Amino acid sequence: MPELPEVETIARGLHKWVAGDTIESVWLGEKPEPLKSPAHEIAEVLERSRIVEVRRVGKHIVFDLERPRKRRRLPVRHGQWIVHLGMTGRLQITAPETEITKHTHAIVKLASGREVRFVDPRRFGRLAVAHLDSPAGAGFAAPGAEPLDSQTQRFVDLFRGRKTPIKSALLNQKLLSGVGNIYADESLFRSGIRPRRRAASLTLQQLHRLHAALQEVLREAIALGGSSVNDYVDADGEEGFFQLQHRVYGREGEPCLVCGTPIKRVVIAGRSSHYCGRCQK
DNA sequence: ACTATTTCCTGGATGC
DNA sequence: TGCATCCAGGAAATAG
């Protein structure tokens, strides 16, 4: 399940493979397609575009696109291809002769001969495009704050007056973009806060600790290429290694690495939440 | 304006 | 071995 560190790893890997390449054609699968934009619009924005950059915004992968123009005029950045991988979505770089696997929903053919394929068994992933050349064309922006950029004061302000459990608040993409179940649990453990604590009940000191822990855990995870639980692999098909560093996520019943108390698992807002009842208050 | 709950989807794990 | 049931999860939709 790609969260911020996994999407960051994938975006960097894709950038390495496709930056500078030109999209020749786009194939989109049969309905019901996992699209946020209509199929014709996706094809229209992507085809004959050059990929300038691939980067992460929240949990989204954004391909910045420009259209070459005639007579030595500078190319124009006209749009973006935006991919959300959901839980099981993958973007594969393949040769054209590679067998097309089940659940392949989109194939983007590049001038280099390579293909970018969107494969997503569970179909929670989404494809969309943004126009940069229309009047409202400011491009794609995540609704919430970027966890790695946001100032501590801004982070603290996100939770003011919120009665929802801190775990739910961390997962709310309108507040913070990019945090999912793994890194919510891991950052709460590292800052000693129970997931059910009401967001507004946290002290300033606790919020400062949480912010620092969240940035720390995200940065460590990016450095290790993300967490490979279930079937996550990066753009080169390589697994990450941060799952070996998980202190609570997926460790129900196992001893806390700090105090030895068995890790608890509870369900908050329909998501499993792992914590140490002794280390987290 | 918030918050909580339900829904989507399928492979893999579990239970009888 | 086979069949049914449950579970995982992000985010949009729905309900309160």
Side-chain angles (χ1 to χ4, degrees), chain A residues 1-11 29-38 56-62 82-92 101-106 118-128 130 140-147 157-188 195-202 214 218 221 226-233 239-240 242-243 246 248-253 263-275:
Chain A
M1 50 218 73
E3 304 179 27
L4 187 153
E6 291 76 34
V7 178
E8 178 72 32
T9 303
I10 292 165
E30 298 300 312
K31 283 185 179 178
E33 296 153 0
L35 304 179
K36 273 203 299 202
S37 305
R56 176 192 65 78
V57 177
K59 291 179 197 171
H60 302 259
I61 298 168
V62 176
I82 300 137
V83 179
H84 193 296
L85 297 172
M87 282 188 62
T88 53
R90 290 168 60 171
L91 284 172
Q92 302 174 330
T101 57
K102 201 175 169 184
H103 309 301
T104 299
H105 305 303
F118 178 64
V119 183
D120 184 14
R122 225 163 287 182
R123 305 175 78 101
F124 276 17
R126 294 290 180 266
L127 305 183
F140 177 76
E146 163 61 43
D157 289 342
L158 295 175
F159 306 105
R160 182 160 292 151
R162 302 224 166 238
K163 295 183 187 134
T164 195
I166 185 63
K167 170 69 184 278
S168 301
L170 287 171
L171 294 179
N172 183 344
Q173 301 298 300
K174 293 192 174 79
L175 298 179
L176 275 175
S177 299
V179 181
N181 214 25
I182 295 172
Y183 300 101
D185 280 5
E186 292 297 320
S187 62
L188 287 169
R196 272 203 218 279
R197 283 285 303 277
R198 303 281 134 182
S201 79
L202 297 176
L214 180 60
L218 293 173
S227 301
S228 284
V229 293
N230 303 328
D231 52 2
Y232 162 76
V233 289
E239 294 192 350
F242 193 72
Q243 68 279 9
H246 292 177
V248 285
Y249 182 84
R251 297 193 65 244
E252 180 186 9
I263 298 299
K264 288 185 187 170
R265 189 184 79 91
V266 296
V267 175
I268 300 171
R271 297 287 163 264
S272 30
S273 303
H274 312 75
Y275 70 100

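Proteins come first, then strands; the chains are lettered A, B, ... in the order of their sequence lines, and each starts at number 1. Quantities reported herein were computed from a predicted structural model and do not represent experimental measurements.
The side chain of T164(A) sits closest to dA4(B) out of dC2(B), dA4(B), dG11(B).
For D185(A), the side chain to side chain donor-acceptor pair (under 3.5 Å) partners two or more places apart in sequence, or in a different chain, are K167(A), H274(A). Remark: R198(A) pairs with no residue by the salt bridge (Lys or Arg N to Asp or Glu O under 4.0 Å) rule, at least two apart or across chains. Legend: residues meeting side chain to side chain contact (heavy atoms under 4.5 Å, CB included) with R251(A), ordered by chain and number and at least two apart, are E254(A), P255(A), L257(A), I263(A). Not a single side chain to side chain contact (heavy atoms under 4.5 Å, CB included) links K163(A) to another residue, sequence neighbours left out. When the salt bridge (Lys or Arg N to Asp or Glu O under 4.0 Å) test is applied to E3(A), no partner is found at least two apart in sequence or on another chain. Residues satisfying the side chain to side chain contact (heavy atoms under 4.5 Å, CB included) test with A130(A), not counting sequence neighbours, are Q80(A), I82(A). For E186(A), the side chain to side chain contact (heavy atoms under 4.5 Å, CB included) partners two or more places apart in sequence, or in a different chain, are I182(A), V217(A), H246(A), R247(A), V248(A), Y249(A).
Taking the screw axis at each terminus of the helix from dC2(B)-dG16(C) to dC16(B)-dG2(C) from five consecutive base pairs, the angle between the two is 50° to within rounding of 10 degrees.
Comparing G161(A) and K102(A) by the nucleotide of DNA chain B that holds the closest heavy atom to each, the one mapping nearer the 5' end is G161(A).
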Protein-to-nucleotide contact annotation, 5' to 3' order, nucleotides 9-16 of chain C [B base; S sugar-phosphate only; - none; under 4.0 Å, heavy atom]: BBB-----
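At least one side-chain heavy atom of Y183(A) sits less than 4.5 Å from a side-chain heavy atom of P5(A).
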